[in-house]
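One structure is given here, and the rest of the page talks about it.
Proteins get letters first, then strands, A, B, ... in listed order; numbering begins at 1 in each. Because the structure is a prediction, the values reported are computed rather than measured.
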Amino acid sequence: MTTPAPPRQYWLMKSEPDECSIDDALAAPGATVPWTGVRNYQARNFMRDAMRVGDGVLFYHSSCPEPGIAGLAEVASDIEPDPTQFDPESPYHDAKASRDAPRWLLRQVKATRKTRLISLDELRQVPELADMTVLKRGNRLSITPVTEAEWTRILRLMDQPAA
DNA sequence: GCCAACGTTGGC
DNA sequence: GCCAACGTTGGC
């Protein structure tokens, strides 16, 4: 008896386009980038415990003039230690982390498509997306789960002209 | 640059 | 284990 493959899950992952935009990710070798810099335990635990290779990713641009979903990607590797935690020169350096006991993890993320930018304002106008974590007031989590219904609705939005 | 919201730290 | 102070995030 074989174990059925777990259903595909979906995530929204925030990236500052100054650091890594969807264009940067698509231009990387294999269109794949290491998702460095996650320094929040809840987001780390999503990567560690819940993500599976092949999960769908909404590539979100944050802390920029036009925040919103800018493309699609997928989870492309198992977890690895985030090397920036060991680098004293890095803004993500963590003095309490060691190679023997890494605190922070990453996964490789493979960009698959740049889309038209779906702004926060546009997302907020879609009733079916009202419960999305990223739209909740005060939300700061850089990785949040997305339901299949939300994923499907957003894909549909992407293929129609801006409202 | 402001500031609301929230996570983390550390004294007790 | 509580909770005030502090730091960070991220939209505006």
Side-chain angles (χ1 to χ4, degrees), chain A residues 9-28 33-51 55-75 79-109 111 113-147 149-151 153-158 160-163:
Chain A
Q9 302 176 101
Y10 305 96
W11 307 93
L12 181 143
M13 298 177 77
K14 294 180 187 173
S15 182
E16 301 191 10
D18 282 353
E19 283 194 38
C20 181
S21 68
I22 184 71
D23 290 317
D24 296 332
L26 284 166
V33 291
W35 208 265
T36 55
V38 171
R39 293 295 180 271
N40 168 284
Y41 288 104
Q42 202 180 342
R44 181 201 69 181
N45 293 348
F46 280 141
M47 286 201 289
R48 185 188 63 192
D49 303 331
M51 274 186 183
D55 280 359
V57 173
L58 300 171
F59 196 113
Y60 180 92
H61 285 176
S62 72
S63 295
C64 60
E66 288 188 295
I69 297 167
L72 297 174
E74 60 184 43
V75 175
I79 47 165
E80 309 165 17
D82 178 344
T84 62
Q85 71 193 300
F86 309 127
D87 177 3
E89 304 297 311
S90 168
Y92 300 121
H93 180 241
D94 183 344
K96 292 180 184 157
S98 70
R99 290 187 186 273
D100 287 340
R103 283 188 167 189
W104 305 112
L105 304 168
L106 60 74
R107 283 178 185 257
Q108 304 287 332
V109 173
R113 173 151 91 96
K114 182 178 184 175
T115 64
R116 73 179 182 85
L117 188 98
I118 317 257
S119 69
L120 276 181
D121 189 53
E122 184 173 356
L123 290 170
R124 279 196 257 264
Q125 286 172 26
V126 182
E128 300 98 303
L129 302 180
D131 289 335
M132 282 189 78
T133 313
V134 75
L135 300 182
K136 297 269 161 73
R137 240 162 60 99
N139 165 70
R140 297 183 307 164
L141 255 190
S142 64
I143 299 177
T144 52
V146 172
T147 68
E150 290 161 352
W151 173 267
R153 186 67 186 86
I154 288 167
L155 289 205
R156 197 146 60 84
L157 265 187
M158 285 171 168
Q160 69 198 33

(message) Does any part of the side chain of M132(A), heavy atoms only, come nearer than 4.5 Å to the side chain of T144(A), both counted from C-beta?
(response) no

(message) Any heavy-atom pair between the side chains of L72(A) and T115(A) that's under 4.5 Å?
(response) yes

(request) State which residues pass side chain to side chain contact (heavy atoms under 4.5 Å, CB included) with S62(A); sequence neighbours excluded, sorted by chain then number. (result) K14(A), E16(A), Y60(A)

(message) Checking E66(A) now: which residues fulfil side chain to side chain contact (heavy atoms under 4.5 Å, CB included) with it, not counting sequence neighbours?
(response) L117(A)

(message) Treating primed atoms plus P, OP1 and OP2 as sugar-phosphate and everything else as base, which nucleotides of nucleotides 6-12 of chain C get B, S or - for protein heavy atoms under 4.0 Å?
(response) -BBBBSS

(message) Going by the rule side chain to side chain contact (heavy atoms under 4.5 Å, CB included), which residues pair with T84(A) if we only count those two or more places apart in sequence or in a different chain?
(response) T36(A), R39(A), D82(A), S90(A), Y92(A)

(request) Identify, with sequence neighbours excluded, every residue that meets side chain to side chain contact (heavy atoms under 4.5 Å, CB included) alongside P145(A). (result) W11(A), F46(A)

Give me the distances for all protein-to-nucleotides 1-3 of chain B N/O pairs that come in under 3.5 Å?
none

(request) Rounded to the nearest 0.5 Å, what's the gap from CD on E80(A) to CG on L106(A)? Could you check? (result) 5.0 Å

